[in-house]
Amino acid sequence: GEERGKRLKLRVAAVVAVLALLPFVLETPYWRGILIICAMNVLLAMSLNLVLGYTGQLNLGQSAFFAIGAYVSTVLIKTYGWNFWLAAAAAVAAAGIVGLALAAFAVRLRGHYLAIASLGFAVITYQIIVNWERVTEGVRGIYGIRPPPGFGSSLALFYLVAGIALAVYLILDNLVRSPIGETLRAIREDEVSAASLGINPARWKAFAFGIGAAIAGLAGCFYPGFVGTLVPEAFNIVESFTMLAMVIVGGMGTMIGPVIGAVVLTFLPELLRGIGELRLLVYGVALTLAVLFMPGGIVQAWAVLKRKAS
């Protein structure tokens, strides 16, 4: 235990050092913007991984919680004059509560039935944002959104979002190593056997959905201040599939996998910009090949290579 604690401290120190240096390596405003998006994507990938990777629930509605976080915080700030941090706390709570509400229906469903139901939920959320113009301004969008107070520069905003992503990673890492993590994995492997051991699958699935939704809502709080505008198009169904790709390509059911997946799938399209319109084709082919030849994601592929090397 003591040895693991030392290793963890060293790793955290190394990650903090890398995060501190990254904005000075990629110092143009464009690349610093990509770094902020990357930190948000890491949060989103981790939020989905808790539900999909650890609890085995195929949730395709994660973009809805991202949207709830963004819209609840922005409307409270712009319309009702709330302080950013108070609005962010309310938005995270709102996303978590909606996640629990979805879980109340979702716990009865499995596999592709759950996937379709959660996708339907994402579509409904998107339509509410588009049509409830009195509150959300619909497709016209909300403009002139300020970053969190004290974090106006892209450098400060990156440090804030990356710091929060690191904190969430450490909390989730402790969670999945605890008896709660064992419980979630038991449900993922075999729900009937888990129930026979006295585990209540419905309660723990709802727990995973609620926490996952709250983390996605947290990522959503920082998005409007970064972009400066808020339009429904940012939260369409494609976002859910992008998050799913990040988790699968990185390696679901591991902690570091979705982080790697988020970093790779945020930077890959940017690095391919040089080839113009072909980039989406190359991106699609790369994704397909990754899923075909690395079903366990980058993490599993790395473990296999290490075994062969030794």
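Residue Trp132 places its CH2 atom among 12 or fewer non-hydrogen atoms of other residues, nucleotides or ligands, all under 6.0 Å distant. Counted within 6.0 Å of CZ on Arg7, heavy atoms from surrounding residues, nucleotides or ligands total more than 12; the atom is thus considered enclosed.
The minimum heavy-atom distance linking Ala202 with Val107 is given by the pair O-CG1, 3.4 Å. Residues Val247 and Ala45 come closest through the heavy atom pair CG2-O, 3.4 Å.
Electrostatic pairing of Glu182 and Arg185 counts as a salt bridge here, judged by a charged N lying under 4.0 Å from a carboxylate O. No salt bridge links Glu27 with Arg32; every basic N to acidic carboxylate O contact stays at or beyond 4.0 Å.
For the side-chain contact (heavy atoms from CB on, under 4.5 Å) with Ile164, the lone residue among Leu160, Val161, Leu166 that qualifies is Leu160.
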Note to self: Let's go through Glu233 and Tyr126 carefully: what are the C-alpha distance in whole Å and the side-chain angles of both, what is the deciding distance for side-chain hydrogen bond (donor to acceptor under 3.5 Å, both in side chains) to 0.1 Å, and is it a yes or a no?
What the structure shows: CA-CA 8 Å; Glu233 208 40 54; Tyr126 178 75; 2.9 Å; yes
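Note: the hydrophobic cluster containing Phe222 also contains Leu86 (ILVMFWY, side chain heavy atoms under 4.5 Å, direct or indirect links).
A distance-only check finds no donor-acceptor pair linking the side chain of Thr55 to the backbone of Leu184 [under 3.5 Å]. Panel note: side chain Ser178, backbone Leu175; a donor-acceptor pair is recorded below 3.5 Å.
Annotation: Phe158 is not in aromatic contact with Phe226 [ring centroid separation under 6.0 Å not met]. Taking the ring centroids of Tyr223 and Phe235, they lie under the 6.0 Å cut-off.
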